[in-house]
Undergrad: 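Starting off with a structure, shown below.
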Amino acid sequence: MRITVKVKPSSREVYVKKTGDSSYEVAVKEPPVGGRANAAVREAVAEHFKIPYSRVKIVSGWTSRQKVIEIS
């Protein structure tokens with residue numbers, strides 16, 4: 001399954017909010033430096049869907065706020 005994610009790094013709280021059929025908004029506390037926000041996004045999505053972290057992969061958008069994430 002692939003989902004589209006809009007990321008809000010350096011947020012005060014962590015949340016995953018569904019905004020459409022396969023689109024989500026994810027806020028994380030980590031800043032977008034050195035891949036820390038990407039790792040936090042993967043962790044938040046894994047926790048939201050109750051799956052292991054290793055099953056969540058960022059397919060595109062490593063340096064963008066818009067990301068495509070694949071959940072296997």
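Excluded from the calculations below are hydrogen atoms, water molecules and symmetry mates; all remaining heavy atoms, backbone and side chain alike, are included.
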Undergrad: Taking the side chain as every heavy atom from C-beta outward, state whether Gln66 and Val5 have any atom pair closer than 4.5 Å.
TA: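 Answer no - side chains too far apart.
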Undergrad: Are Phe49 and Val7 connected in the hydrophobic side-chain network, where two residues link if heavy atoms are under 4.5 Å apart?
TA: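 Same cluster: Phe49 reaches Val7 through Ile, Leu, Val, Met, Phe, Trp or Tyr contacts under 4.5 Å.
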Undergrad: Evaluate the side chain to side chain contact (heavy atoms under 4.5 Å, CB included) criterion for residues Ile69 and Val41: first the C-alpha distance (whole Å), next the side-chain angles of each, then the deciding distance (0.1 Å), finally the verdict.
TA: CA-CA 10 Å; Ile69 295 180; Val41 167; 3.8 Å; yes
Undergrad: Rounded to the nearest 0.5 Å, what separates atom CD1 in Ile3 from atom CG in Asp21?
TA: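 Separation between the atoms: 12.5 Å.
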Undergrad: Are the side chains of Ile58 and Val68 in touch, meaning some heavy atoms are under 4.5 Å apart?
TA: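 Sidechains of Val68 and Ile58: no contact.
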Undergrad: If only atom types and distance count, is the side chain of Arg36 paired as donor or acceptor with the main-chain N or O of Pro31 below 3.5 Å?
TA: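 Answer holds: no.
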Undergrad: Taking Asn38 for its side chain and Trp62 for its backbone only, find out whether a donor-acceptor pair lies under 3.5 Å.
TA: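 Confirmed, Asn38 side chain pairs with Trp62 backbone.
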Undergrad: When clusters are formed by joining ILVMFWY residues with side-chain heavy atoms under 4.5 Å apart, either directly or through shared neighbours, do Val26 and Met1 land in the same one?
TA: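 Shared cluster, yes.
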Undergrad: Show your working on side chain to side chain contact (heavy atoms under 4.5 Å, CB included) between Tyr24 and Lys6 and close with a plain yes or no.
TA: CA-CA 6 Å; Tyr24 291 81; Lys6 182 178 181 184; over 6 Å; no
Undergrad: Compare every heavy atom of Lys67 with every heavy atom of Thr63, then report the nearest pair and how far apart it is.
TA: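 Between these two residues, the closest heavy atoms are N-NZ, 4.4 Å.
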Undergrad: Determine the minimum heavy-atom distance between Ala39 and Tyr53, stating which atoms define it.
TA: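 Of all heavy-atom pairs spanning Ala39 and Tyr53, the closest is O-CE1, 3.6 Å.
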Undergrad: Side chain of Ser23, backbone of Gly20: donor and acceptor closer than 3.5 Å?
TA: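 Checked: pair present.
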Undergrad: Does one side chain, of Glu25 or Tyr15, offer a donor that lies under 3.5 Å from an acceptor on the other?
TA: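 Result is yes, a qualifying pair exists.
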Undergrad: Can you get from Val28 to Ile71 by hopping between Ile, Leu, Val, Met, Phe, Trp and Tyr side chains that sit under 4.5 Å apart?
TA: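 In one cluster with Val28: Ile71, yes.
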Undergrad: Rounded to the nearest 0.5 Å, what separates atom OG in Ser11 from atom NZ in Lys29?
TA: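 Between Ser11 OG and Lys29 NZ, I get 8.5 Å after rounding to 0.5 Å.
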Undergrad: Strictly below 4.0 Å, N to O, side chains only: are Arg2 and Glu70 in salt-bridge contact?
TA: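 Between Glu70 and Arg2 there is a salt bridge, with a charged N closer than 4.0 Å to a carboxylate O.
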Undergrad: So do the side chains of Glu30 and Pro9 get within less than 4.5 Å of each other, counting heavy atoms only?
TA: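 When only atoms from C-beta onward are counted, Pro9 and Glu30 do not touch, as no gap falls below 4.5 Å.
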